[in-house]
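Below you'll find the structure, written out as structure tokens, and then a few comments.
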2 protein chains.
Amino acid sequence: MSTRMTISDIARLAGVSKATVSRVLNHKPDVDPVTRERILRIMEEHNFVPSVAASGLAAGKGHLIGVLVPALTWPLIPDIMRGIAEVVEETSYELVLYSIKTSNHERDRSDVINRILANRLIAGLLAIFPGQSARYLPALQRQGLPVVLLDDQGLPPEQLPWITADNRAGAYAATRHLLELGHRRIAHIQGPLKYQVSRERFQGYCDALQDYGIPLDPSLILQGDFMPPGGRACACQFFAMPERSRPTAIFAASDLTAYGVMGAAEEFGLRIPEDVSLVGFDDISSSGHMRPPLTTVRQPLTEMGRCALELLLSLLETPDRPGAARLCPSPLLARFAGSSQLQSQTAMTATIESAEPVRLRLATTLVVRATTAPPPCYARL
Amino acid sequence: MSTRMTISDIARLAGVSKATVSRVLNHKPDVDPVTRERILRIMEEHNFVPSVAASGLAAGKGHLIGVLVPALTWPLIPDIMRGIAEVVEETSYELVLYSIKTSNHERDRSDVINRILANRLIAGLLAIFPGQSARYLPALQRQGLPVVLLDDQGLPPEQLPWITADNRAGAYAATRHLLELGHRRIAHIQGPLKYQVSRERFQGYCDALQDYGIPLDPSLILQGDFMPPGGRACACQFFAMPERSRPTAIFAASDLTAYGVMGAAEEFGLRIPEDVSLVGFDDISSSGHMRPPLTTVRQPLTEMGRCALELLLSLLETPDRPGAARLCPSPLLARFAGSSQLQSQTAMTATIESAEPVRLRLATTLVVRATTAPPPCYARL
DNA sequence: CTGTTAGCGCGTTCAA
DNA sequence: TTGAACGCGCTAACAG
């Protein structure tokens, strides 16, 4: 059935030159409508698909989008990828996956970057949680390869377009929820502070405490690593404290951290939420199935993926400003306005008014499930 | 730093023709060793990476590997992808992601296939859980594109190389574990029977029961959908049965199904494992963090991904037999023998001796955690 | 509006 | 052992 057709074949069949076929392929306006229809029909009949490789070669930039991901097994990634996949399916682009090796070799990372750049396969790059690799990204940008950052967890690199979740507001909401339940000794297990998101979440926690007039208690703040064992270790420290000063609630910087807390609670014979309340962050898919189901802050991961790719696509369509990657307002924001109310309004307007690289901060939402309750009575006085 | 270098540049710098550079790139033996060294050095200095797009175009087939995945959010996928990514990093290939749209359009699926084939971008295809799309795969194979199936869940397509887990043995082990704990009324929540894996797991369940002289009780067998709500619904049916005939243990065809069972148990006030034992299948990462941690059957997902890609690569290197994709024993099996004892020995020998397409069945392992216990005393007589 | 010409960067013939 | 020429399938300048 679908044997490989070339533009030449179509051109012969339609009785026109290859250039004309190429024109309709690229949606050039200057083609006779009836001719265009005829060509389109023939292409449909023979289900012709142009060779991405060849067109990329000729045009000097491919029709592929690179996605730089850390370990695929980090639970947030699949949901983000889903959003990305959803929008790429509606385009003629394909996705090329570059996974950063988790090994220690410093060499590796720049190698990946070299591969990305040098083989000139892709037209744009989406960097998810680039971490330390973010260092190399501005160079790519400068070489003319549009780059969009998705929730960078490293130092905020200079001037790259950037999609993230509103971590601060999410953390604030989580802490406030605990506060309004009556908790006063609320602990926080941070993520590694080298990540921007960790600092933002911590900030939200601090802000909420301050707004309720509760002084920060350094003994209630520990640094985890986003993973269950780290959460468990921190929780054990909390649970070993004397009952008068022990926290009645814990806000964990990630759901996986919260899983570790649940393990520790069981070990100490503490019930959740009767003895200690718990809030996570992320709302990864398994959190709703925990016993008890975890109260957490949901990141709009799929939406973030979608936005990031749409942003990148909009950058690809305005290649006239090579150095500074700015948002072409119409196509992207039109979609945004129509399809979703997730992004915070402030970010929207900031985006439009500013000539700076785009920085979108999507809203997070508190998902109240069953790991939070008022503090136990012995702690309520 | 790393500006884009072409073969011509290198050729000029080295004072040779492009053809020679091309030769050393492709590891042709007929190059003067000293010249080769010089060229290699120059390429290193300027960290030259050949254009995948161009070489693919010229050679008629790209240096890209397509991966056909269903929803990335299906929890097994990321672990599989991890294995794939690990081996692709050691090669010069890149990964192209084709995600099958979950929409209902029958058209979509063949569209994806068309895209894959027609744009002639990739050299080989890895199809993960192809499901209904498996129908189109043999056609690709016939057109000269090597295809490897990873744990197809559809009808077993004719003659494609195939990697899977030993579902039957895993299910057998799970059921036997329950049996040896003393359970006699063991229910099974199947996956959709249209999937091969569901039937295999059911078969393992049946085999174990038979070996222990327990007749199959149709009222203890329900069909789920691999997802939590399906599992919950089935479990509710079980739990609503009169106590005398109610199952004392449930073997769920997937971990997610088991999560649903845990929810139902809570709803019915049944404790796990005291009142009812539970075994899942898959060992997805969150299962170890459930309360109580879930006893389940582990699929060697990462290993499966790794094997699948290695198999595909070995097929790529023997393009001389276009129609029949057979295993080139040396490179692949050598790795297998060295790096892992996961694959079952029988499959190994079968592979070597047979001229049929490769079918590798990797061993599963029972992971005993905390959701299984002897049946409650009132059911023990 | 359309056809013609020239490459994009590389592999692969051929001769030399 | 090496070099020159051609072509992969397509886009991008030009002309007409």
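Atoms considered below: every heavy atom in the structure, side chains included; atoms not considered: hydrogens, waters and symmetry mates. In this text, all values refer to a predicted model and were calculated from it rather than measured experimentally. Chain letters run A, B, ... following the sequence lines, proteins first, then strands; residues in each count from 1.
Counting non-hydrogen atoms under 4.0 angstrom, A/Asp30 reaches a base of the nucleic acid.
Applying the 4.0 Å criterion to OP1 and OP2 of C/dC1, one finds that A/Thr20 has every side-chain N and O outside that range. Regarding contacts with the backbone of C/dT2, a side-chain N or O of A/Thr35 is found under 4.0 angstrom from either OP1 or OP2.
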Protein-proximity profile, nucleotides 6-16 of chain C, B/S/- by nucleotide at the 4.0 Å heavy-atom cutoff, equals -BBBBBB----
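When every heavy atom of B/Val67 is checked against every heavy atom of B/Met81, the shortest pair comes out as CG1-SD, 4.0 Å. Taking all atoms of both residues into account, the shortest heavy-atom contact from A/Phe129 to A/Pro70 is CB-CG, 3.9 Å. Nearest approach of A/Ile163 to A/Met304, heavy atoms of both residues: CG2-O, 4.0 Å. When all heavy atoms of B/Pro146 and B/Leu315 are compared, the closest pair comes out as CB-CB, 4.3 Å. Between A/Arg306 and A/Glu303, the shortest heavy-atom contact is NH2-OE1, 3.0 Å. Shortest non-hydrogen contact noted between B/Pro161 and B/Val147 is CD-O, 3.3 Å.
Comment: A/Glu45 engages A/Arg41 in a salt bridge, judged by a side-chain N to carboxylate O separation of less than 4.0 angstrom.
Scanning for side chain to side chain donor-acceptor pair (under 3.5 Å) contacts around A/Ser22 gives an empty result, with sequence neighbours left out.
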Pairing pattern in dot-bracket form [Watson-Crick, G-U; both distances under 3.5 Å; | = partner strand] for DNA chain D: |||||||||||.||||
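On the P atoms, C/dT5 is 16 Å away from D/dC6, given to the nearest whole Å.
The NE2-P distance, from A/His27 to D/dT11, rounds to 11 Å in whole Å. Nucleotide C/dT2 holds its P atom 5 Å from the CG atom of A/Asp32, rounded to whole Å. In this entry the distance linking CZ of A/Arg38 with P of C/dC1 reads 15 Å, nearest Å.
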